[in-house]
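One structure is given below, encoded as structure tokens.
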Amino acid sequence: RENIDWTKVEFEDNQVCLDLIEKRPMGILSLLDEQCNFPKATDLTFAQKMATELKDNPRYTRDKMDENVFHVNHFAGNVNYDTAGFLEKNRD
């Protein structure tokens, strides 16, 4: 009616990615909080816990070269995260 030229944009459902990050009790943030409650936990034990608990999530992959690195396949593509400093920054 207004003769505006436009193209419809299809949006992907991102719920699986959101669940990976924030779902309780086994999302990334929940696992990080859990690890912060253990005095002997390290960034490596956090990475290992994620590898064990999140291995079946299609949006999560563990790096093959560096145990501290994991990947989240976001809407924008695969994003790398290094767990170095995660526990220290999350502890209150």
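- Residues meeting the side-chain contact (heavy atoms from CB on, under 4.5 Å) test with Q15, sequence neighbours left out: D13, L18, D19.
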Distance-only donor-acceptor hits, side chain of residues 39-53, under 3.5 Å, sequence neighbours excluded:
from: T42; atom 1: OG1; to: L44; atom 2: N; distance (Å): 3.3
from: T42; atom 1: OG1; to: T45; atom 2: N; distance (Å): 3.1
from: D43; atom 1: OD1; to: F86; atom 2: N; distance (Å): 3.4
from: D43; atom 1: OD1; to: L87; atom 2: N; distance (Å): 3.1
from: D43; atom 1: OD2; to: G85; atom 2: N; distance (Å): 2.7
from: T45; atom 1: OG1; to: Q35; atom 2: OE1; distance (Å): 3.0
from: T45; atom 1: OG1; to: T42; atom 2: N; distance (Å): 2.8
from: T45; atom 1: OG1; to: T42; atom 2: O; distance (Å): 2.8
from: T52; atom 1: OG1; to: Q48; atom 2: O; distance (Å): 3.1

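- Applying the ring pair (Phe, Tyr, Trp, His ring centres under 6.0 Å) test to pairs two or more places apart or on separate chains, none has a residue in residues 12-39.
- Side-chain atoms of D33 and N90, non-hydrogen and from C-beta on, do get closer than 4.5 Å to each other.
- A heavy-atom distance below 4.5 Å is not found between the side chains of V69 and Y81.
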Return a table of donor-acceptor pairs under 3.5 angstrom between the side chains of residues 2-9 and protein atoms on other chains or two or more places apart.
none

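- Atom CG in L20 sits 4.5 Å away from atom CG in N57 (nearest 0.5 Å).
- Summarising the geometry of P25 relative to S30, their closest heavy-atom pair is O-CB, 3.4 Å, with the distance given to 0.1 Å.
- In terms of the side chain to side chain donor-acceptor pair (under 3.5 Å) criterion, residue partners of D63 (sequence neighbours excluded) are, by chain and number, H71.
- Side-chain atoms of R59 come within 3.5 Å of backbone N or O of N73 as a donor-acceptor pair.
- Residues F70 and T61 form no side-chain contact, since every pair of their non-hydrogen atoms from C-beta on lies 4.5 Å or further apart.
- Distance SG/C36 to CD/E88: 10.5 Å, rounded to 0.5 Å.
- Here the closest non-hydrogen pair linking L54 and Y60 is O-CD2, 3.5 Å.
- Every residue two or more places apart in sequence or in another chain that forms a salt bridge (charged side-chain N to carboxylate O under 4.0 Å, His left out) with E67 is listed here: R62.
- Cluster annotation: M26 and L32 are assigned to the same hydrophobic cluster (Ile/Leu/Val/Met/Phe/Trp/Tyr, side-chain heavy-atom contacts under 4.5 Å, transitive).
- One hydrophobic cluster holds both I28 and V79 under the rule that ILVMFWY side chains link at heavy-atom gaps under 4.5 Å.
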